[in-house]
Amino acid sequence: MVLLMEKTYDNAKGYFYIPIAWREEFNLQEGIEVGIDFINGIVVIDKTLTREFSRNVCAKGKLTIPLEVRQLLHTNKYNIYIIQKDKKIILSPK
């Protein structure tokens, strides 16, 4: 199932908060490392550490998008999608 979150990612800030329900379901506690990639105009975030970039989940689920990825994004607002089956978070242009 793919879910569209009510909140959006603002590229001007460079970070967003992963909701607690999804942190728990995907086992993304504070300090866990996640992989981040920019593929075909979207940002893919999951526990695949072979992705081009990686970041640790911070307190309250805060996740900072790498500067190199943010520079590739063409707009400032991105929808946040949760892909339950694959345990992925997708940022897609709004």
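Residue indices begin at 1 and follow the sequence shown. The basis for the numbers below is simple: all heavy atoms, side chains too, and nothing from hydrogens, waters or symmetry mates.
Taking the six-membered ring for Trp and thresholds of 30 and 60 degrees, Tyr17 and Tyr15 have ring planes more than 60 degrees apart, a perpendicular arrangement.
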Item to check | Residue pair Val43, Leu73: steps toward the side chain to side chain contact (heavy atoms under 4.5 Å, CB included) verdict | outcome: CA-CA 9 Å; Val43 178; Leu73 304 179; 3.7 Å; yes
Item to check | Trace of the side chain to side chain contact (heavy atoms under 4.5 Å, CB included) decision for Ile80 with Leu91 | outcome: CA-CA 5 Å; Ile80 302 171; Leu91 306 179; 3.7 Å; yes
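When hydrophobic residues (I, L, V, M, F, W, Y) are linked wherever their side-chain heavy atoms come within less than 4.5 Å, the members clustered with Ile90 are Val2, Leu4, Ile39, Ile42, Val44, Tyr81, Ile83.
Glu33 is linked by a side-chain contact (heavy atoms from CB on, under 4.5 Å) to Leu49, Ser54, Asn56, counting only residues two or more places apart in sequence or in another chain. Legend: residues meeting side-chain contact (heavy atoms from CB on, under 4.5 Å) with Ile32, ordered by chain and number and at least two apart, are Leu28, Gln29, Lys47.
The OG1 atom of Thr48 sits 12.0 Å away from atom CD1 of Ile45, with the distance rounded to the nearest 0.5 Å.
When all heavy atoms are compared, the tightest approach of Pro93 to Gly41 is CD-O, 3.6 Å.
For Asp37 (side chain) and Glu52 (main-chain N/O), a donor-acceptor pair under 3.5 Å exists by modelled atom type. Formation of a donor-acceptor pair under 3.5 Å by the Asn79 side chain with backbone atoms of Lys94 is not found in this model. In this structure, the side chain of Arg51 does not engage the main chain of Phe38 through any donor-acceptor pair within 3.5 Å.
Among the candidates Ile18, Ile82, Asp46, the single residue satisfying the side chain to side chain contact (heavy atoms under 4.5 Å, CB included) test with Phe26 is Ile82.
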